[in-house]
Amino acid sequence: MGARRIAVVSAGLSNPSTTRLLADRMTQAVLTELAARDVEASVDVFELRDHAHDITNNLLTGFAPPALESAINAVVSSDAIIAVTPIFSTSYSGLFKSFIDVLDPDALKGTPVLIGANAGTARHSLAIDYAIRPLFTYLHADPVPTGVFAASADWGASADGVAPLGDRIARGARELADAIVRRDPAGGTDTFDPATYLGEGRSFGHLLGGLSGE
């Protein structure tokens, strides 16, 4: 069984952030579950705050600068995605949605996704199911049943003892690991490579030449 690649998208705005802390814990849990299944995996972590200006420029111009293009390629060609966003105004952050908006609408088709979100209060926990999950479903991705929500209280001594954060992370990690194992490894296709849609060995020059009758 070939090695798998996991893309971790963290939309936290501060540094350090609880969003990244949650993403790291979810990632480690998934790697542990995959190791128990004798599956090797590598991880690429993308802090969207580092690409915020490039994401805005892409929305305005339609072109991704090289650093953002590399991140997009890694995300859309991964075997699975761990996506974590802070909750603002009962929904995902604007930065998170802006990144999703620069992806091709069909680029995540069939890709397993483990969703995570964090907010100051548990009252926002339903945002995973009424805002974030429908977003990935619209993109034809395959979000696993368990979404991991963390409120500020989950990090302290007064954390939920009935449904601890660690248990929720473990359950989501198992579901993502199972989804990864069920799928064939993702290919190394670069969706921005002209050969992907023009044919191997061909370039835009061939296309233009064909249009001009050459």
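What's counted below: heavy atoms across the whole structure, side chains too, no hydrogens, waters or symmetry copies. Since the model is a prediction, treat every value here as computed from it, not as a measurement.
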Residues clustering with Y130 (ILVMFWY side chains joined when closer than 4.5 Å, directly or via others):
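In the cluster with Y130 are L126.
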
Considering all heavy atoms, the nearest [X]-[Y] contact:
X    : Y    : result
T19  : A11  : CG2-N, 3.9 Å
N58  : L68  : ND2-CD2, 3.7 Å
R25  : L165 : NH1-CD2, 3.8 Å
D142 : G110 : CB-O, 4.0 Å
A117 : V84  : N-CG1, 4.2 Å
Y92  : A131 : CE2-O, 3.4 Å

Are L59 and F63 linked, directly or through intermediate hydrophobic residues, by side-chain heavy-atom contacts shorter than 4.5 Å (ILVMFWY only)?
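In one cluster: no.
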
Geometric class of the F96/F136 ring pair [parallel <30°, tilted 30-60°, perpendicular >60°]
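Judged by the thresholds at 30° and 60°, the geometry between F136 and F96 is perpendicular.
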
Could you walk me through whether R168 and D154 satisfy the salt bridge (charged side-chain N to carboxylate O under 4.0 Å, His left out) test, starting with their C-alpha distance in whole Å, then the side-chain angles of each, then the deciding distance to 0.1 Å, before giving a yes or no?
CA-CA 11 Å; R168 303 196 298 272; D154 284 311; 3.1 Å; yes

Just wondering, are more than 12 heavy atoms of other shown residues or ligands nearer than 6.0 Å to CG in D184?
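No, the 6.0 Å shell around CG holds no more than 12 heavy atoms from other groups.
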
Does CZ in R123 sit with more than 12 non-hydrogen atoms of other residues, nucleotides or ligands closer than 6.0 Å?
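Check fails, neighbour count at 12 or below.
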
How many angstroms lie between atom [atom1] of [X] and atom [atom2] of [Y], to the nearest 0.5 angstrom?
X    : Y    : atom1 : atom2 : value
L22  : N118 : CG    : CG    : 6.0 Å
F149 : I128 : CZ    : CD1   : 7.0 Å
I100 : L139 : CD1   : CG    : 6.0 Å
R133 : I115 : CZ    : CD1   : 4.5 Å
R20  : S14  : CZ    : OG    : 12.0 Å
L103 : L108 : CG    : CG    : 5.5 Å

Could you walk me through whether I132 and T85 pass the side chain to side chain contact (heavy atoms under 4.5 Å, CB included) test, one step at a time?
CA-CA 9 Å; I132 308 173; T85 177; 3.7 Å; yes

Using the side chain to side chain contact (heavy atoms under 4.5 Å, CB included) definition, which of the options L21, V8, L31, I82 pairs with M26?
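It is I82, the one option of L21, V8, L31, I82 that forms the side chain to side chain contact (heavy atoms under 4.5 Å, CB included) with M26.
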
Given the rule in the salt bridge (charged side-chain N to carboxylate O under 4.0 Å, His left out) test, do R171 and D167 qualify, once you have shown the distances and angles that lead to the verdict?
CA-CA 6 Å; R171 185 167 61 249; D167 289 354; over 6 Å; no

The criterion is salt bridge (Lys or Arg N to Asp or Glu O under 4.0 Å); which residues satisfy it with D178, sequence neighbours excluded?
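Expected list: R37.
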
Show your reasoning for whether side chain to side chain contact (heavy atoms under 4.5 Å, CB included) applies to I81 and V75.
CA-CA 7 Å; I81 298 170; V75 170; 3.7 Å; yes

Decide yes or no on side chain to side chain contact (heavy atoms under 4.5 Å, CB included) for L176 and E33, but give the supporting numbers first.
CA-CA 9 Å; L176 187 67; E33 289 290 339; over 6 Å; no

Using modelled atom types only, decide if a donor and an acceptor are shared between the side chain of D44 and the backbone of A7 within a distance under 3.5 Å.
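Not a single qualifying donor-acceptor pair exists.
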
